[in-house]
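Only one structure is covered here, and it is reproduced in the block below.
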Amino acid sequence: MNRRIFSFSGLLLGLLFLASSCKKDTPRLRLSSVELRQTVWNGTLEYKSAKRVSYSVYLNFLSDSEVEVSAYDSKDPTASYYVQARYYYTLTDRIFTLKTQVDYELNPPMDQNAWYLIRKEPSLLVFQANAGNPDREATLTLRKKL
């Protein structure tokens with residue numbers, strides 16, 4: 001009888017160990033300014049609304065708090081930049097925010113959003129702003145260049 005109890009207990013412990021090791025923990029998305037420091041990223045800023053223009057963007061992260069941003073209309077890559085400015089930025093786990101160093105309205109208004117990191121790979125970052133608001137929802141997709 002004791003042998004059966006030990007066998008059953010061993011089998012039960014083995015199944016519990018197997019179940020706990022198979023449990024897939026999804027790591028929380030996190031990004032730090034240290035990862036971005038002195039890197040260059042190109043990508044797109046796309047709005048969900050068809051009424052809004054998509055942009056090609058260029059971000060040069062100069063330090064832990066300063067980034068140079070350039071953006072232009074994706075339909076006309078020969079057009080001059082709409083934005084060519086330095087921003088202050090903050091990064092809290094997965095929320096990326098921009099604040100201009102000058103006091104004027106920017107087009108596209110990248111500094112008016114909190115950008116939430118929704119995908120992270122070594123050379124790819126995808127952020128989303130205004131989720132659920134179809135008129136303002138935007139996706140910022142960046143690919144690392146340097």
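Given the structure is predicted, the values throughout are model-derived calculations rather than measurements. Quick note: numbers below take in every heavy atom, side chains included, and nothing from hydrogens, waters or symmetry partners.
Partners of Y89 by ring-ring contact (aromatic ring centres under 6.0 Å, His included), not counting sequence neighbours, listed by chain and number: F61, F96. Applying the side chain to side chain contact (heavy atoms under 4.5 Å, CB included) criterion to S32, with sequence neighbours excluded, gives V34, E35. Under the salt bridge (Lys or Arg N to Asp or Glu O under 4.0 Å) criterion, R94 pairs with no residue, sequence neighbours left out.
Within the 4.5 Å cutoff, the side chain of L31 has no heavy atoms near those of the D93 side chain. Annotation: side chain of R119 is in contact with side chain of L124 (closest heavy-atom distance under 4.5 Å).
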Full working for side chain to side chain contact (heavy atoms under 4.5 Å, CB included) between L125 and L36: CA-CA 11 Å; L125 298 174; L36 295 176; 3.9 Å; yes

Under the side chain to side chain contact (heavy atoms under 4.5 Å, CB included) rule, what do Y58 and V40 come out as? Steps first, then yes or no, please. CA-CA 7 Å; Y58 164 89; V40 176; 3.4 Å; yes

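The main-chain N or O of D111 is never found under 3.5 Å from a side-chain atom of K99 such that the two would form a donor-acceptor pair. Between the side chain of T92 and the backbone N or O of I95, no donor-acceptor pair lies under 3.5 Å. The backbone N or O of M110 sits less than 3.5 Å from a side-chain atom of W115, completing a donor-acceptor pair.
Under the 4.5 Å side-chain heavy-atom criterion for ILVMFWY residues, a single connected hydrophobic cluster contains both L117 and Y87. V126 and V67 sit in two unconnected hydrophobic clusters of ILVMFWY residues. Membership requires side-chain heavy atoms under 4.5 Å apart, directly or through other members.
A distance of 10.0 Å separates CG of L91 from CG of L98, quoted to the nearest 0.5 Å. Here OH of Y88 is found 7.5 Å from OG of S65. Values are rounded to the nearest 0.5 Å. To the nearest 0.5 Å, atoms OG1 (T97) and OH (Y116) are separated by 10.0 Å.
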Would you give me the side-chain donor-acceptor pairs under 3.5 Å for residues 135-146, sequence neighbours excluded?
{"unit_1": "R136", "atom_1": "NH2", "unit_2": "N113", "atom_2": "OD1", "d": "3.3"}
{"unit_1": "E137", "atom_1": "OE1", "unit_2": "G132", "atom_2": "N", "d": "3.1"}
{"unit_1": "E137", "atom_1": "OE2", "unit_2": "Q128", "atom_2": "NE2", "d": "2.8"}

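Identified under the side-chain hydrogen bond (donor to acceptor under 3.5 Å, both in side chains) test for residues 38-51, with sequence neighbours left out: T39-W41. Note on residues 53-65: pairs passing salt bridge (Lys or Arg N to Asp or Glu O under 4.0 Å), not counting sequence neighbours, are R37-D64.
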